[in-house]
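Everything below concerns the one structure shown next.
Throughout, a chain's letter reflects where its sequence line sits, starting with A, and its residues are numbered from 1.
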There are 2 protein chains.
Amino acid sequence: MRAILEGAERVLSVDPGASMEQIAAAAGVARTTIHRRFASRQALIETLALDAARQLARAVDDGRPDTAPAQVALHRITVNVLEVKGAWAFALGLPAEPGSEAAALHEDLGRRCITVLERARADKLIDEAADLEWVRRVYYALLGESLHGSADDADVDTDTLAARIVDTLLHGAGPRS
Amino acid sequence: MRAILEGAERVLSVDPGASMEQIAAAAGVARTTIHRRFASRQALIETLALDAARQLARAVDDGRPDTAPAQVALHRITVNVLEVKGAWAFALGLPAEPGSEAAALHEDLGRRCITVLERARADKLIDEAADLEWVRRVYYALLGESLHGSADDADVDTDTLAARIVDTLLHGAGPRS
DNA sequence: TAGATCTGCGTCAATGCTGTTGCAGCTATG
DNA sequence: CATAGCTGCAACAGCATTGACGCAGATCTA
């Protein structure tokens, strides 16, 4: 079960159009076994998306977004999300079915992200006039970009990557004053 | 010919796995007509990618990356690229075949982007110590994010979007000093 | 007008994927 | 030991897609 989801993630993140046969091979089971557990390819993918969304939610919760100082929460959340999103890139990149539980989770995550950003703004880390929705989108984009990972990033630890993301989000590329 | 490429872009940007039948319908031609011009689905997609890469190259050239002041070039290039990338999102998102002409164009674009950033750094727009390769990736990510376009962005002109991208790239979300 | 070219249409064979089923073997639990 | 549950394997039908033709009609050109 878990093996199937992990195999599916591995294969589909490389080729989103991969066949059930390839997924089964990656999971180390027979194709029919997958069909016995998931009514259809679609059902498998939805389960995959939901499972990944739950892991992402846990990753954010672990960063104590409501209680830790904004600066700290931002960093910890970034580290956790980098790890989860790295392992479930395909599942999390899936367009969430409107009304699905996965979609609800992602919306909730979005709200929670905005909350952290508001706290960061209250701490003068973010400009008063900033459009937090845009800041959130930039943050997501930076996370995504870090995951593409140039060759150099391979042997850099997650903490360093996270620090770079947060720094870029807050200060951009301009000269430090 | 042009109609086929444009139809393919329209359809494939919505569903990358769309059939030749759907592409033909979008292009306003019969499926067999496409097969007469393109030896295979693969050939069509490669042509699409190459065509889009060429348009992107032209968009960058139009921004005078080597002669205009860095600030100006950055803005103009951003505007142009936003327009081209908005219209050819699928084709430009395609992983370029190693060694292909499209890949060469993209590599060249990358180098040209770095050059502009170096000029911006010389003008004190970018921090001395900044890793320009990372800055470039952030720039690409911001471009991509702007194209996803939240509902609000729909009725905002390209100039405003570009200004926001450049501003975020240089200053981030932090407070302005 | 005559010819060349391109198009749409219908049809065809080949291929690959999906989802289902029957059968046999393995394992754990009672 | 016996049984229930799960697995792999093989095979099957159904379906969609790809790529290839031949033919007939339209359009453009010499």
Side-chain angles (χ1 to χ4, degrees), chain A residues 1-54 88-103, chain B residues 1-54 88-103:
Chain A
M1 182 68 177
R2 186 116 297 265
I4 294 176
L5 292 179
E6 287 169 4
E9 166 61 38
R10 270 198 304 280
V11 172
L12 294 176
S13 65
V14 174
D15 172 16
S19 70
M20 300 294 270
E21 192 74 50
Q22 294 171 266
I23 295 173
V29 300
R31 185 174 64 91
T32 45
T33 301
I34 297 185
H35 275 114
R36 274 192 270 254
R37 293 212 188 306
F38 301 95
S40 69
R41 178 197 181 81
Q42 187 58 20
L44 165 62
I45 290 185
E46 277 164 21
T47 304
L48 189 60
L50 179 55
D51 186 86
R54 281 204 252 255
W88 301 91
F90 169 79
L92 292 173
L94 236 36
E97 211 65 34
S100 68
E101 189 179 340
Chain B
M1 183 69 177
R2 185 118 297 264
I4 294 176
L5 292 179
E6 287 169 4
E9 166 60 38
R10 269 197 305 279
V11 172
L12 293 175
S13 65
V14 173
D15 173 16
S19 68
M20 300 293 269
E21 192 73 50
Q22 295 171 265
I23 295 173
V29 300
R31 186 175 63 91
T32 45
T33 301
I34 297 185
H35 276 115
R36 274 191 272 254
R37 295 214 187 306
F38 302 95
S40 70
R41 179 197 181 80
Q42 188 58 22
L44 165 62
I45 289 185
E46 277 165 20
T47 304
L48 189 60
L50 179 54
D51 186 85
R54 280 205 253 255
W88 301 91
F90 169 79
L92 292 174
L94 237 36
E97 212 66 34
S100 67
E101 188 179 341

Exercise. At what distance, to the nearest 0.5 angstrom, does CE of Met20(A) lie from OG1 of Thr32(A)?
Worked result: 10.5 Å
If you restrict it to nitrogen or oxygen atoms, what contacts under 3.5 Å exist between nucleotides 21-25 of chain C and the protein, and what is each distance?
none

Seminar exercise, completed: The complete set of salt bridge (Lys or Arg N to Asp or Glu O under 4.0 Å) pairs with one or both residues in residues 3-19 of chain A, sequence neighbours excluded, reads none
Problem set entry | Residues forming a side-chain contact (heavy atoms from CB on, under 4.5 Å) with Ala3(B), sequence neighbours excluded | none
Exercise. What's the CG-C1' distance between Leu44(A) and dG19(C), to the nearest Å?
Worked result: 14 Å
Problem set entry | Nucleotides bounding contact with chain B, strand DNA chain D, heavy-atom threshold 4.0 Å | dT17(D) to dG22(D)
Exercise. Quick one: salt bridge (Lys or Arg N to Asp or Glu O under 4.0 Å) pairs with a partner in residues 93-103 of chain A, sequence neighbours left out?
Worked result: Arg54(A)-Glu101(A)
Exercise. Does a nitrogen or oxygen in the side chain of Arg31(B) sit under 4.0 Å from OP1 or OP2 of dG10(C)?
Worked result: no
Polar-atom pairs under 3.5 Å, protein N or O versus N or O of nucleotides 27-29 of chain C: list them with distances, or write none.
none

Exercise. Among all residues two or more places apart in sequence or in another chain, which pass the side-chain contact (heavy atoms from CB on, under 4.5 Å) test with Glu46(A)?
Worked result: Gln42(A)
Exercise. What's the spacing between Met1(A) CE and Thr33(A) OG1 if we round to 0.5 Å?
Worked result: 13.0 Å
Exercise. Rounding to a whole Å, what distance do you find between Ile4(B):CD1 and dC6(C):P?
Worked result: 13 Å
Exercise. Do you know which two heavy atoms are closest between Ala18(A) and Val11(A), and how far apart they sit?
Worked result: CB-CG1, 3.3 Å
Problem set entry | Residue pairs, two or more places apart or on separate chains, that pass salt bridge (Lys or Arg N to Asp or Glu O under 4.0 Å) and touch residues 22-41 of chain B | Glu21(B)-Arg31(B)
Exercise. Under the side-chain contact (heavy atoms from CB on, under 4.5 Å) test, which residues partner Ala25(A), sequence neighbours left out?
Worked result: none
Exercise. Counting only non-hydrogen atoms, which of residues 13-28 of chain A are less than 4.0 Å from DNA chain D?
Worked result: Gly28(A)
Exercise. OG1 of Thr47(B) to CD1 of Ile4(B): how many Å apart, nearest 0.5 Å?
Worked result: 10.5 Å
Problem set entry | Gap between atoms NE2 and C1', on His35(B) and dT11(C) respectively (whole Å) | 15 Å
For this session: Would you please name every residue forming a side-chain contact (heavy atoms from CB on, under 4.5 Å) with Leu94(B), sequence neighbours left out?
Result: Ile45(B), Ala49(B), Phe90(B)
Seminar exercise, completed: Minimal heavy-atom distance between Gly99(A) and Ala103(A), with the atoms involved, is N-CB, 4.1 Å
Problem set entry | Check: Leu48(A) and Phe38(A) side chains under 4.5 Å, non-hydrogen atoms | no
